[in-house]
Asker: 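Below: one structure in structure tokens.
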Amino acid sequence: SESVDSYRKSVCMTVKGRDVPNPIVQFEGAPFPQYLMKEIHSAGFASPTAIQAQAWPIALRGRDIIGLAETGSGKTLAFLLPSIIHINAQPQLQPGDGPIVLVLSPTRELAVQIQTECDKFGGTSKITNCCVYGGAAKSNQISQLKRGVEILVATPGRLIDILSGGFTNLRRVTYLVLDEADRMLDMGFEKQLRSILSQIRPDRQTLMFSATWPKEVQSLAHDFLVDHIQVHIGNADL
Ligand code: ADP
Ligand code: MG
């Protein structure tokens, strides 16, 4: 419609793909449960950022997405809020189950930032999470995983390490996020990413976020996303 077009234009948004839903341009009337609206309100956010406005309805429909937007544009909550709703619609974790949501992140620092948002926005619905990264003792990460977590935030190298030790499994992962995909590839994680992705059920939902759109990221998207919608915020021609 005309108002959707003018919203997209005003935030420099371009979308590509089949059946793109309308953006959620304001929190009033947004399709979020009360426990999330409460957290959004207490965070003091006035309105969704552009990437959130378009990523949320796509993710809530179970579609794959590529979200291209600069640093600081609110990408974490773009994938995290729909992931919490996804988890709350799944059967409870059983003993021995691995995570339902897997978020791959390039660095420890970024992984911990994501985990902090998981604690804040997943706390009221008692969603459990765990963060695993290199350069820290494995024992504590492993004991958290063994208790069972719904969201696992991980750097690729440490996750491979933990999987090969048999300390968790990816059989229940139905919502996969590749955050900062360009940085993960820059850091040389392509082989690890492809190995992890090949262990996750093909009927999962996949969300990929990146600040830039180089050939290597395009090829990863081509190989691992299905019938995705691409959302780009910015002026640069892709
Ligand atoms: P990115 O991953 O795109 O670099 P982040 O998800 O880290 O961005 O978000 C950057 C900052 O914006 C964070 O401090 C976050 O709390 C804040 N933020 C997220 N969503 C909103 C919003 N809708 N309105 C205002 N600030 C927001
Ligand atoms: Mg980010």
Side-chain angles (χ1 to χ4, degrees), residues 7-8 10-15 22-60 65-85 101-124 127 129 131-133 151-156 159 175-187 189 193 206-214 217 220-221 229-236 238:
Y7 172 78
R8 288 196 180 122
S10 74
V11 296
C12 294
M13 178 192 296
T14 47
V15 292
N22 287 343
I24 295 168
V25 301
Q26 53 180 24
F27 288 119
E28 199 186 356
F32 291 128
Q34 204 47 48
Y35 62 85
L36 287 182
M37 292 305 292
K38 220 180 102 211
E39 294 301 334
I40 290 166
H41 186 76
S42 76
F45 300 155
S47 57
T49 67
I51 189 71
Q52 291 167 354
Q54 189 60 76
W56 283 335
I58 295 170
L60 290 170
I65 178 173
I66 298 171
L68 304 169
E70 64 179 6
T71 301
S73 56
K75 295 190 290 294
T76 310
L77 291 180
F79 62 76
L80 192 62
L81 298 190
S83 83
I84 290 169
I85 295 172
V101 170
L102 173 63
V103 181
L104 295 169
S105 168
T107 67
R108 168 185 181 153
E109 183 203 21
L110 288 162
V112 170
Q113 279 175 27
I114 295 165
Q115 185 190 29
T116 304
E117 303 279 287
C118 293
D119 286 339
K120 181 163 166 40
F121 287 87
T124 23
I127 285 180
N129 71 68
C131 191
V132 307
Y133 42 75
I151 303 179
L152 173 58
V153 185
T155 56
L159 179 59
Y175 190 107
L176 169 69
V177 181
L178 299 161
D179 194 27
E180 307 233 9
D182 51 355
R183 277 190 72 187
M184 286 200 283
L185 293 179
D186 281 346
M187 290 173 67
F189 283 133
L193 286 179
T206 310
L207 301 91
M208 180 186 275
F209 290 87
S210 188
T212 63
W213 188 226
V217 180
L220 199 67
I229 296 172
Q230 180 182 301
V231 180
H232 174 224
I233 313 297
N235 284 311
L238 290 183

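In listed order, ligands and their atoms are each counted from 1. The structure presented is a predicted model; accordingly, all values stated were derived computationally and were not measured. Starting from 1, each residue takes its place in the sequence as its number.
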Asker: Should Leu159 and Leu102 count as side-chain neighbours, where that means a heavy-atom distance under 4.5 Å?
Answerer: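 Leu159 reaches Leu102 side chain to side chain.
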
Asker: State, with a plain yes or no, whether a side-chain heavy atom of Asp179 is found less than 4.5 Å away from one of Ile114.
Answerer: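 Of all side-chain heavy-atom pairs linking Ile114 with Asp179, at least one is under 4.5 Å.
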
Asker: State which residues pass side-chain hydrogen bond (donor to acceptor under 3.5 Å, both in side chains) with Asp119; sequence neighbours excluded, sorted by chain then number.
Answerer: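 Applying side-chain hydrogen bond (donor to acceptor under 3.5 Å, both in side chains) to Asp119 gives Asn129.
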
Asker: If you look at each N/O of ligand 1, which protein N/O atoms lie under 3.5 Å away, and at what distance?
Answerer:
residue	atom	partner	partner atom	Å
ligand 1	3 (O)	Gly72	N	3.4
ligand 1	3 (O)	Ser73	N	3.0
ligand 1	3 (O)	Ser73	OG	3.3
ligand 1	3 (O)	Gly74	N	3.2
ligand 1	3 (O)	Lys75	N	3.1
ligand 1	3 (O)	Lys75	NZ	2.9
ligand 1	4 (O)	Gly72	N	2.6
ligand 1	6 (O)	Lys75	N	3.3
ligand 1	6 (O)	Thr76	N	3.0
ligand 1	6 (O)	Thr76	OG1	2.8
ligand 1	8 (O)	Gly74	N	3.1
ligand 1	20 (N)	Gln52	NE2	2.8
ligand 1	23 (N)	Ser47	O	2.9
ligand 1	23 (N)	Gln52	OE1	3.0

Asker: Has the side chain of Ser210 got a donor or acceptor atom that lies under 3.5 Å from a matching backbone atom of Trp213?
Answerer: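 No; zero donor-acceptor contacts below 3.5 Å.
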
Asker: Name the atoms and distances for all side-chain donor-acceptor pairs under 3.5 Å in residues 30-40, with sequence neighbours left out.
Answerer:
residue	atom	partner	partner atom	Å
Tyr35	OH	Asn88	ND2	2.7
Glu39	OE1	Lys120	NZ	3.4

Asker: Determine all donor-acceptor pairs shorter than 3.5 Å in which one atom belongs to a side chain in residues 67-79; sequence neighbours excluded.
Answerer:
residue	atom	partner	partner atom	Å
Ser73	OG	Glu70	O	2.5
Lys75	NZ	Ala69	O	2.9
Lys75	NZ	Glu70	O	2.9

